[in-house]
**Q** 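I have a structure here, written as structure tokens, and I will follow up with some questions on it.
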Amino acid sequence: MKSARAALDLTQKDLAQKTGVSRQTINLIEKGEYNPSLALCIRICKTLDCTLDDLFWDS
């Protein structure tokens, strides 16, 4: 998720604002310390123009 966010030149704060969560939530998701709801995963994917597979499942 971090690389997809960075590729769009978004900060954690930018992504948080666009998805309706706190910057700390984005930070915890990126560190693997928080499992977001499916609804939040979908909002993140739409914002980053990625699929759920791209961001949340290991290949």
Side-chain angles (χ1 to χ4, degrees):
M1 185 171 104
K2 184 177 182 178
S3 60
R5 175 179 58 76
L8 294 176
D9 200 29
L10 294 173
T11 65
Q12 287 182 347
K13 183 177 179 182
D14 295 334
L15 182 56
Q17 288 174 336
K18 290 177 182 287
T19 57
V21 297
S22 69
R23 186 205 56 80
Q24 291 85 351
T25 298
I26 298 299
N27 183 50
L28 290 172
I29 294 169
E30 288 184 356
K31 290 179 5 182
E33 295 178 6
Y34 178 78
N35 290 321
S37 67
L38 181 57
L40 177 53
C41 289
I42 291 169
R43 289 196 312 267
I44 291 169
C45 287
K46 286 181 179 180
T47 301
L48 298 178
D49 195 28
C50 295
T51 67
L52 287 168
D53 286 341
D54 292 338
L55 293 185
F56 297 103
W57 278 274
D58 292 332
S59 307

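What you see is a predicted model, and the numbers here were worked out from it, not measured in a lab.
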**Q** Taking salt bridge (charged side-chain N to carboxylate O under 4.0 Å, His left out) as the cut-off, I'd like each qualifying pair that reaches into residues 10-24, sequence neighbours left out, listed once.
**A** none
**Q** Is the shortest side-chain heavy-atom distance between L38 and L52 below 4.5 Å?
**A** yes
**Q** Going through the checks in order, is the side chain to side chain contact (heavy atoms under 4.5 Å, CB included) test met by I29 and F56?
**A** CA-CA 10 Å; I29 294 169; F56 297 103; 4.2 Å; yes
**Q** Which distance, rounded to the nearest 0.5 Å, do you find between the NZ of K46 and the CD1 of I44?
**A**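 One gets 12.5 Å once the value is rounded to the nearest 0.5 Å.
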**Q** Between atom CD1 of I26 and atom CG of L40, what is the distance when rounded to the nearest 0.5 Å?
**A** 6.0 Å
**Q** Pair up each side-chain donor or acceptor in residues 2-9 with any protein partner under 3.5 Å, not counting sequence neighbours, and list the distances.
**A**
{"residue": "R5", "atom": "NE", "partner": "E30", "partner atom": "OE2", "Å": "2.6"}
{"residue": "R5", "atom": "NH1", "partner": "L10", "partner atom": "O", "Å": "2.8"}
{"residue": "R5", "atom": "NH2", "partner": "E30", "partner atom": "OE1", "Å": "3.1"}
{"residue": "R5", "atom": "NH2", "partner": "E30", "partner atom": "OE2", "Å": "3.3"}

**Q** Not counting sequence neighbours, which residues clear side-chain hydrogen bond (donor to acceptor under 3.5 Å, both in side chains) with T51? List them please.
**A**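 side-chain hydrogen bond (donor to acceptor under 3.5 Å, both in side chains) check on T51 returns D54.
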**Q** Distance from E33 atom CD to Q24 atom CD, nearest 0.5 Å?
**A**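 It is 13.0 Å, given to the nearest 0.5 Å.
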**Q** Going by side-chain hydrogen bond (donor to acceptor under 3.5 Å, both in side chains), name the residues that satisfy it together with R43, two or more places apart in sequence or in a different chain.
**A** none
**Q** Going from CD1 on I42 to CG on L55, what distance comes out if it is rounded to the nearest 0.5 angstrom?
**A**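 Atom-to-atom, I42:CD1 and L55:CG are 12.0 Å apart.
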**Q** Apply side-chain hydrogen bond (donor to acceptor under 3.5 Å, both in side chains) to T25 and list each qualifying residue two or more places apart in sequence or on a separate chain.
**A** S22
